[in-house]
Amino acid sequence: ADEIIHENELNKIYNAMNKYHGDERIDGLLFDFINFYGSYFYIGNTRRWHRREIRIVRNNKNIHSYRDSQGFRKYNSIDQFNSRYQGQKLKVKKSAASIYHYSYVRPPNLMQKKTKYFHSFWHDDDWIKQNVPVKNGFDYYDVDEVVPFTGTHPELMHDLVSKQDWEFDISKVKRNFTMKEWILHVIEQKTGYRIGEYKNYDLI
């Protein structure tokens with residue numbers, strides 16, 4: 001598991017669950033994501049990272065996971081779900097809380113092994129040989145942009161954070177934007193609006 005809830009935000013979640021529990025229109029609750037990258041002290045802030053996802057759903061047997069960890073959708077039956085029908089987007093409200101996402105924070109050699117293993121779910125050995133470089137450690141600097149994390153970590157993470165034993169020098173980040181990505185990123189940073197954002201939910 002690489003998603004953690006901060007103990008300081010539990011009341012926000014309880015309050016949202018109590019507020020919308022009786023409203024049958026609401027299928028789930030939406031969480032902001034804090035995506036750590038390279039180090040426990042930096043986070044991704046570009047379009048490559050999902051900003052929000054559903055992480056609490058109503059107790060409804062017709063709601064199933066959709067696209068791995070991306071979220072959830074509603075189906076009329078289990079047969080419809082098994083048929084790879086896309087399902088209906090859930091109607092959600094914001095929880096006002098965040099998910100602390102640590103998928104890209106681990107020693108570089110372990111991160112490289114994880115990357116190779118991850119791709120093995122969808123690709124054969126030949127594809128992996130051609131697309132996953134053989135090297136001792138993951139190149140954390142091959143990324144568009146990261147920014148310093150200014151908050152506090154969940155208590156559960158304090159021990160791991162204190163034991164980080166690899167270097168991550170933000171000045172070495174390659175900032176590998178295409179021109180289109182850079183323009184969209186600048187617009188988002190100035191306005192807060194992400195053009196063409198994929199949203200696996202209907203926010204009401």
Side-chain angles (χ1 to χ4, degrees), residues 1-17 20 28-57 65-72 90 92-108 110-111 114-115 118 138-177 181-182 184-201 203:
D2 56 25
E3 297 181 5
I4 298 178
I5 292 171
H6 201 299
E7 62 276 3
N8 291 347
E9 297 197 325
L10 290 175
N11 282 337
K12 295 179 182 179
I13 300 170
Y14 294 149
N15 291 340
M17 292 176 71
Y20 299 115
L29 295 178
L30 196 66
F31 287 72
D32 292 331
F33 263 65
I34 300 173
N35 297 291
F36 292 90
Y37 183 88
S39 162
Y40 294 111
F41 307 104
Y42 294 95
I43 56 176
N45 70 325
T46 66
R47 297 174 62 86
R48 74 164 58 201
W49 307 99
H50 49 281
R51 296 196 295 178
R52 302 179 183 93
E53 288 293 347
I54 301 166
R55 283 299 178 263
I56 289 181
V57 299
S65 61
Y66 179 76
R67 289 192 176 182
D68 191 25
S69 66
Q70 278 296 95
F72 301 86
L90 302 191
V92 301
K93 287 286 190 178
K94 291 183 178 180
S95 68
S98 299
I99 296 292
Y100 288 61
H101 185 211
Y102 294 94
S103 182
Y104 278 83
V105 186
R106 59 193 69 201
L110 295 182
M111 190 68 221
K114 177 192 172 182
T115 302
F118 177 81
F138 185 80
D139 183 5
Y140 278 122
Y141 300 116
D142 188 17
V143 69
D144 43 22
E145 185 175 275
V146 295
V147 295
F149 172 59
T150 58
T152 63
H153 290 276
E155 185 176 348
L156 185 64
M157 290 299 297
H158 288 183
D159 187 53
L160 279 175
V161 171
S162 69
K163 292 179 179 178
Q164 178 176 321
D165 59 359
W166 69 94
E167 177 190 18
F168 181 77
D169 182 353
I170 192 173
S171 68
K172 296 180 181 178
V173 169
K174 297 176 182 177
R175 296 180 61 82
N176 52 4
F177 290 96
E181 289 169 341
W182 173 246
L184 292 174
H185 179 62
V186 170
I187 292 172
E188 180 179 334
Q189 294 302 301
K190 289 184 177 297
T191 67
Y193 179 68
R194 181 171 289 186
I195 298 173
E197 180 177 12
Y198 172 73
K199 296 180 180 179
N200 186 34
Y201 51 82
L203 182 62

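We use all heavy atoms of the structure for the numbers below, so side chains are in, but hydrogens, waters and symmetry mates are not. Just so it is clear, the model here is predicted, and its values are computed rather than measured.
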### Query
Can you name the side-chain hydrogen bond (donor to acceptor under 3.5 Å, both in side chains) partners of S39, sequence neighbours left out?
Q164
### Task
Show your reasoning for whether side chain to side chain contact (heavy atoms under 4.5 Å, CB included) applies to V186 and K190.
CA-CA 6 Å; V186 170; K190 289 184 177 297; 3.8 Å; yes
### Query
Who passes side-chain hydrogen bond (donor to acceptor under 3.5 Å, both in side chains) against N35, sequence neighbours left out?
H101
#### Entry: Spacing of E7 atom CD and E155 atom CD [to the nearest 0.5 Å]
5.5 Å
### Query
Checking side chain to side chain contact (heavy atoms under 4.5 Å, CB included) for the pair E181/T46: CA distance, chi angles, key distance, verdict?
CA-CA 9 Å; E181 289 169 341; T46 66; over 6 Å; no
### Task
With sequence neighbours left out, write down each residue that passes ring pair (Phe, Tyr, Trp, His ring centres under 6.0 Å) with F168, or none if nothing qualifies.
Y42, Y141
### Summary
Across all chains, not counting sequence neighbours, the salt bridge (Lys or Arg N to Asp or Glu O under 4.0 Å) partners of K174 are D139
### Query
Tell me, do M17 and L29 make a side-chain contact under 4.5 Å, heavy atoms counted?
yes
### Message
The criterion is side-chain hydrogen bond (donor to acceptor under 3.5 Å, both in side chains); which residues satisfy it with N8, sequence neighbours excluded?
### Response
none
### Task
Answer whether the closest heavy-atom distance between the side chains of Y102 and I4 falls below 4.5 Å.
yes
### Summary
Closest heavy-atom pair, L30 versus I54, reported as atoms and distance to 0.1 Å, is CD1-N, 3.7 Å
### Message
Looking at every non-hydrogen atom in both residues, tell me the closest pair between D144 and V173 and how far apart they are.
### Response
O-CG1, 3.9 Å
### Query
Considering residues at least two apart in sequence or located in another chain, which fulfil the salt bridge (Lys or Arg N to Asp or Glu O under 4.0 Å) criterion with D165?
none
### Task
State, yes or no, whether a side-chain contact exists between V143 and R48 at a heavy-atom distance under 4.5 Å.
yes
### Message
For Y198, give me all partners under side chain to side chain contact (heavy atoms under 4.5 Å, CB included), at least two apart in sequence or on another chain.
### Response
Y66, R67, Q70, R73, N200
### Message
Does the plane of the ring in H185 sit parallel, tilted or perpendicular to the ring in W182? Use 30° and 60° as the thresholds.
### Response
tilted
#### Entry: Selection residues 92-105 - residue pairs positive for salt bridge (Lys or Arg N to Asp or Glu O under 4.0 Å), sequence neighbours left out
none
### Task
Taking side-chain hydrogen bond (donor to acceptor under 3.5 Å, both in side chains) as the test, write out the residues that go with K114, two or more places apart.
S103
### Task
Apply ring pair (Phe, Tyr, Trp, His ring centres under 6.0 Å) to Y20 and list each qualifying residue two or more places apart in sequence or on a separate chain.
none
#### Entry: Interatomic spacing from CG in D32 to OG in S95 - rounded to 0.5 Å
7.0 Å
### Task
Grab the two heavy atoms, one from A97 and one from I13, that are nearest each other, plus how far apart they are.
CB-CG1, 3.7 Å
### Task
Please identify each residue that fulfils ring pair (Phe, Tyr, Trp, His ring centres under 6.0 Å) with F31, with sequence neighbours left out.
none
#### Entry: D142 and N176, any side-chain heavy atoms less than 4.5 Å apart
yes
### Query
Do V105 and M111 come close enough that some side-chain heavy atom pair is under 4.5 Å?
no
#### Entry: Nearest non-hydrogen partners of I43 and P148, listed with the distance
CG1-O, 4.4 Å
### Query
Given side chains that start at C-beta, do those of I99 and I34 come closer than 4.5 Å, heavy atoms only?
no
### Query
So, do Y100 and H153 have ring centers that fall under 6.0 Å from each other?
no
### Message
Please find the pair of heavy atoms, one from G44 and one from Y37, that lie closest to each other, and give the distance.
### Response
N-CB, 4.4 Å
### Query
Would you call Y201 and R52 a side-chain contact if the rule is heavy atoms closer than 4.5 Å?
yes
### Straight-line distance of E3 CD to S98 OG, nearest 0.5 Å
12.0 Å
### Task
Would you check if the distance from the ring center of W49 to the ring center of Y104 is below 6.0 Å?
yes
### Query
Listed by chain and number, what are the salt bridge (Lys or Arg N to Asp or Glu O under 4.0 Å) partners of K12, not counting sequence neighbours?
E9
### Task
Grab the two heavy atoms, one from W166 and one from G38, that are nearest each other, plus how far apart they are.
NE1-O, 2.8 Å
#### Entry: 4.5 Å side-chain heavy-atom contact, R55 and E53
yes
### Message
Can a donor-acceptor pair be found, under 3.5 Å and without considering hydrogens, that links the side chain of R47 to the backbone of I195?
### Response
yes
